[in-house]
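All of these numbers come straight from a predicted model, not from anything done at the bench. Just so it is clear: chains get the letters A, B, ... in the order the sequence lines come, proteins before strands, and each one is counted from 1.
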Amino acid sequence: MSEATPTDIRLQMVWQAVQAIPPGRVSTYGDVARAAGLPGLARFVGYALRQLAQDTRIPWHRVINSQGRISLPPGSEGFQEQSQRLLAEGVTVNQGRIALRRFRHDFG
DNA sequence: TATATGACGGACG
DNA sequence: GCGTCCGCCATAT
């Protein structure tokens with residue numbers, strides 16, 4: 001049996017924080033990291049989302065960068081997927097730019 | 001062991 | 001608004 005490594009634990013924390021983002025709202029990598037108890041590890045959040053399977057039920061599309069933009073290559077499949085999912089939730093997206101209210105995990 | 005890369009962020013110019 | 005640098009963590013080679 002293999003034990004959970006520190007990285008495995010962190011991945012769980014991040015996914016849990018992402019799952020807490022309600023529909024129609026978005027959060028940033030940095031905020032998710034803080035909500036997961038990993039302040040400053042925004043980059044790790046990107047890594048965590050990258051590990052998700054395509055059939056995951058975790059709302060990864062609600063995570064954008066601090067600039068209010070989608071952090072995926074413009075025009076890429078993932079980019080379009082994220083844009084479409086956000087639009088489907090009523091979130092306004094223009095050329096990868098999100099004009100919307102950020103969801104604050106604890107800070108309302 | 002060292003270096004490069006990545007779904008980041010903040011400071012600077 | 002945009003590009004560059006540096007700091008952050010984990011992984012790939």
Side-chain angles (χ1 to χ4, degrees):
Chain A
M1 291 234 333
S2 58
E3 288 184 32
T5 66
T7 296
D8 294 327
I9 304 302
R10 288 171 174 166
L11 287 173
Q12 293 297 330
M13 299 296 280
V14 170
W15 292 330
Q16 189 177 321
V18 173
Q19 201 153 31
I21 307 171
R25 291 286 199 87
V26 295
S27 188
T28 69
Y29 294 87
D31 283 345
V32 169
R34 282 194 305 135
L38 305 170
L41 303 194
R43 204 154 199 177
F44 180 76
V45 174
Y47 166 72
L49 297 190
R50 189 75 185 79
Q51 309 309 308
L52 294 172
Q54 296 191 337
D55 58 16
T56 184
R57 83 185 179 75
I58 295 180
W60 55 270
H61 58 284
R62 295 175 193 149
V63 183
I64 61 179
N65 62 36
S66 66
Q67 304 171 69
R69 305 170 119 273
I70 289 177
S71 283
L72 285 173
S76 68
E77 203 170 317
F79 177 94
Q80 295 185 52
E81 176 69 17
Q82 183 163 15
S83 297
Q84 186 171 5
R85 290 197 185 195
L86 287 174
L87 289 170
E89 294 184 353
V91 177
T92 303
V93 184
N94 274 344
Q95 304 309 101
R97 297 193 187 135
I98 285 70
L100 258 289
R101 49 236 198 121
R102 244 154 100 165
F103 164 66
R104 300 285 200 168
H105 282 84
D106 303 311
F107 318 86

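- Between the CG atom in A:L86 and the OG1 atom in A:T92 there is a gap of 10.0 Å [rounded to 0.5 Å].
- Atom CD1 of A:I64 sits about 11.5 Å away from atom CG of A:L72, to the nearest 0.5 Å.
- Among the atoms of the strands shown, only primed sugar atoms or phosphate atoms (P, OP1, OP2) are found under 4.0 Å from some heavy atom of A:G30.
- Of the two residues near DNA chain C, A:G40 and A:Q51, the one whose nearest nucleotide lies more 5' is A:G40.
- Residues A:Y29 and A:L49 come closest through the heavy atom pair CE2-CD1, 4.0 Å.
- Of all non-hydrogen atoms in A:T28 and A:S66, the two that sit nearest each other are CG2-CA, 4.1 Å.
- Between the side chain of A:Q82 and the backbone N or O of A:V63, at least one donor-acceptor pair lies under 3.5 Å.
- Counting only residues at least two apart or in different chains, side chain to side chain donor-acceptor pair (under 3.5 Å) contacts with residues 5-23 of chain A comprise A:T5-A:D8.
- In this structure, A:H105 contributes its side chain and A:A17 its backbone to a donor-acceptor pair below 3.5 Å.
- Residues A:L52 and A:M13 do not share a hydrophobic cluster, defined by chaining ILVMFWY side chains whose heavy atoms lie under 4.5 Å apart.
- Near DNA chain B, meaning a heavy atom under 4.0 Å away, the residues from residues 53-65 of chain A are A:W60, A:N65.
- Inter-residue side-chain proximity for A:V45 and A:L38 is flagged as unmet; no heavy-atom pair is nearer than 4.5 Å.
- Nucleic acid contact class of A:Y29 (heavy atoms, under 4.0 Å, all strands): base.
- At a threshold of 4.0 Å, the pair A:R85-A:E81 counts as salt-bridged, since one of the basic side-chain nitrogens sits closer than that to a carboxylate oxygen.
- At the heavy-atom level, A:L72 lies under 4.0 Å from base atoms of the strands shown.
- Of all nucleotides in DNA chain B, those with any atom nearer than 4.0 Å to a heavy atom of chain A start and finish, going 5' to 3', at B:dG6 to B:dG10.
- Contact of the A:L11 side chain with the A:F44 side chain is registered, since non-hydrogen atoms from C-beta on lie closer than 4.5 Å.
- Nearest-nucleotide assignment on DNA chain B puts the 5′-proximal partner with A:Y47, out of A:Y47 and A:T28.
- For DNA chain C, the span of nucleotides reached by chain A at under 4.0 Å from its heavy atoms goes, 5' to 3', from C:dG7 to C:dT11.
- Counting only heavy atoms from C-beta outward, the side chains of A:R25 and A:R104 never approach each other to under 4.5 Å.
- Partners of A:S83 under the side-chain hydrogen bond (donor to acceptor under 3.5 Å, both in side chains) rule, at least two apart in sequence or in another chain, do not exist in this structure.
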Watson-Crick and G-U pairing of DNA chain B written in dot-bracket, each distance under 3.5 angstrom, with | for inter-strand partners = .|||||.||||||
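- If you find the closest nucleotide of DNA chain C to A:T7 and to A:R69, the one lying nearer the 5' end belongs to A:R69.
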